[in-house]
Amino acid sequence: MEKLLGHEKQRTALAELAVQQRLPSSLLFAGIEGIGKRLAAQELAAQLLCAEQPCGPQGGCGSCKSCVLLRSGNHPDFLSLSFGVDGATVDDLRAALDRLSLKAFMGGRKVAILDSADHITAVGANTLLKSLEEPRPETFFILVVSNPSRLPQTVLSRCQRWFFDRLTPETIRSILTARGEPAAGDAAAILADGTLSGIETVRARADALSEVRSVVEAAFQGDERIVGRAAQEWGSDKEGMRERLAFLRACIRQKLLQSASDPDAASVWAVALQNSLDGEYMGLERHTNPTLVILDVLRSCNRSLAKRYQELPVGSPALAERLQER
Ligand SMILES: [Zn+2]
């Protein structure tokens, strides 16, 4: 099991409730995809099932029989179902609930993780509801969802809700380091948009990202030759447009975050960031000439040209109009 990073507040609170034996029997972990909710559920399950009394430390002790069985995927009192695409059926759910109604094989607690529980069918939700309404002693349900509003109110009202946020760039950097992967830098952490799946994209496209970074740096220094060449090259690559613009935005955002102590530079990057957002809209939604869109975004990164770009009311249709005039 991968070590979980981030979400310290929620995880610490949950671990404390478990130790104090004040954890309700039904929990709902909500938050966008790819941030580690399921890992947080597994961590709590390990703690609840650990043979230490009244329960193990956060994530379990790791060495008792229960922890070893859980890690190998063979714990008889642990159930895990996923209701995503091609996921568990209502029959699978019924079988799981039957198993949970038996006495604990290991004599301790029983835990069920229901992943993507927001994809459960209406019949499934009803089946589950009965178990949530009449909680058996020492039996815990953890529902993991990205969209809680998809669940019927009857199910929601039975669960204590825990919300999980996007991962911070710092956490993403720590995850990359912990995985022994070359840290792709701040831009990558920011570009990952607070999700683990974002890291994968960034990792797979490290070369493209680093190319965009160096062009942005050249644009800031006013290197028109590099800017012009990049605009030509990227502008003619229709398929790569969406990614290039996203990378541009991420690199500019990173520059802005790094220039807090240099107000002049910060104001350049703030304008460029807005222009990159406008550029995405114009280039992708309005199909404005992509070469011109990229040229404009890159030129607005130029320290000495920035003044001119700043005179435009940023975020207004002014930039859009100007782009269209060309
Ligand atoms: Zn243990």
4.5 Å side-chain heavy-atom contact, [X] and [Y]:
| X | Y | value |
| --- | --- | --- |
| Gln258 | Gln254 | yes |
| Phe220 | Val215 | no |
| Leu93 | Leu81 | yes |
| Glu233 | Glu211 | yes |
| Val144 | Ser116 | no |
| Cys64 | Glu52 | no |
| Arg242 | Glu280 | no |
| Phe29 | Leu44 | yes |

Rounded to the nearest 0.5 Å, how far does [atom2] of [Y] lie from [atom1] of [X]?
| X | Y | atom1 | atom2 | answer |
| --- | --- | --- | --- | --- |
| Ile142 | Ser80 | CD1 | OG | 10.0 Å |
| Leu209 | Leu248 | CG | CG | 10.0 Å |
| His75 | Phe105 | NE2 | CZ | 11.0 Å |
| Trp234 | Ile294 | CH2 | CD1 | 7.0 Å |
| Ile175 | Leu167 | CD1 | CG | 5.0 Å |
| Leu49 | Cys55 | CG | SG | 10.0 Å |

Short side-chain donor-acceptor distance under 3.5 Å, [Y] and [X]:
| X | Y | result |
| --- | --- | --- |
| Ser66 | Arg109 | no |
| Asp92 | Thr89 | yes |
| Thr177 | Ser174 | no |
| Glu217 | Gln221 | yes |

In this structure, would [X] and [Y] fall into the same cluster of hydrophobic residues linked by side-chain contacts under 4.5 Å?
| X | Y | answer |
| --- | --- | --- |
| Met241 | Val227 | yes |
| Leu100 | Val111 | no |
| Leu48 | Leu17 | yes |
| Leu27 | Leu156 | no |
| Val212 | Ile226 | yes |

For a quick test of reading the model, state the closest non-hydrogen atom pair linking [X] to [Y] and the distance between them.
| X | Y | result |
| --- | --- | --- |
| Phe78 | Ala45 | CE1-CB, 3.8 Å |
| Ala125 | Pro152 | CB-CG, 3.7 Å |
| Ile35 | Ile32 | CG1-O, 3.2 Å |
| Ala230 | Leu298 | CB-CD1, 4.2 Å |
| Cys61 | Cys67 | N-SG, 3.5 Å |
| Gly235 | Pro290 | O-CG, 3.3 Å |

Q. Angle class for the His7/Phe164 ring planes (parallel below 30°, perpendicular above 60°, tilted otherwise)?
A.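 The rings of His7 and Phe164 stand perpendicular, inter-plane angle above 60°.
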
Mark yes or no for whether [X], through its side chain, and [Y], through its backbone, hold a donor-acceptor pair below 3.5 Å.
| X | Y | value |
| --- | --- | --- |
| Ser101 | Asp98 | yes |
| Gln47 | Gly56 | yes |
| Arg99 | Pro76 | yes |
| Ser146 | Glu33 | no |
| Lys37 | Gly31 | yes |
| Lys110 | Asp77 | no |
| Lys255 | Ala250 | no |

(Q) Could you check whether atom CG of Asp207 has more than 12 heavy atoms from other residues, nucleotides or ligands sitting under 6.0 Å from it? (A)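 Open: at most 12 neighbouring heavy atoms sit under 6.0 Å from CG of Asp207.
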
**Q.** Residue Glu239 excluded, over 12 heavy atoms near CD under 6.0 Å
**A.**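 No, because the 6.0 Å sphere around CD of Glu239 holds 12 heavy atoms or fewer from other groups.
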
Q.
Using side chain to side chain contact (heavy atoms under 4.5 Å, CB included), reason through Val216 and Trp269 one step at a time and then give a plain yes or no.
A. CA-CA 10 Å; Val216 164; Trp269 293 120; 3.6 Å; yes

Q: Assess whether side chain to side chain contact (heavy atoms under 4.5 Å, CB included) is satisfied between Asp278 and Val297, documenting all intermediate values.
A: CA-CA 9 Å; Asp278 290 347; Val297 174; over 6 Å; no

Q. Going by the side-chain hydrogen bond (donor to acceptor under 3.5 Å, both in side chains) test, which pairs reach into residues 149-165, not counting sequence neighbours?
A.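 Counting only pairs at least two positions apart or across chains, the side-chain hydrogen bond (donor to acceptor under 3.5 Å, both in side chains) contacts touching residues 149-165 are His119-Arg150, Asn147-Ser149, Gln160-Trp162.
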
Q: Answer yes or no: is there an ion pair linking Arg303 with Asp262, defined by an N-O contact shorter than 4.0 Å?
A: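 So Arg303 pairs with Asp262 through a salt bridge.
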
Q) Going by an N to O cut-off under 4.0 Å, is there a salt bridge joining Asp91 and Arg94? A)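 Yes, charged N to carboxylate O under 4.0 Å.
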
Q: Could you walk me through whether Arg173 and Glu170 pass salt bridge (charged side-chain N to carboxylate O under 4.0 Å, His left out), step by step?
A: CA-CA 5 Å; Arg173 271 194 292 276; Glu170 291 70 38; 3.4 Å; yes

Q: Could you walk me through whether Ser25 and Thr139 pass the side chain to side chain contact (heavy atoms under 4.5 Å, CB included) test, one step at a time?
A: CA-CA 6 Å; Ser25 62; Thr139 302; over 6 Å; no

Q: Begin with the C-alpha distance, continue with both residues' side-chain angles, and end with the deciding distance and a verdict on salt bridge (charged side-chain N to carboxylate O under 4.0 Å, His left out) for Arg22 and Glu16.
A: CA-CA 9 Å; Arg22 285 171 48 213; Glu16 275 172 18; over 6 Å; no

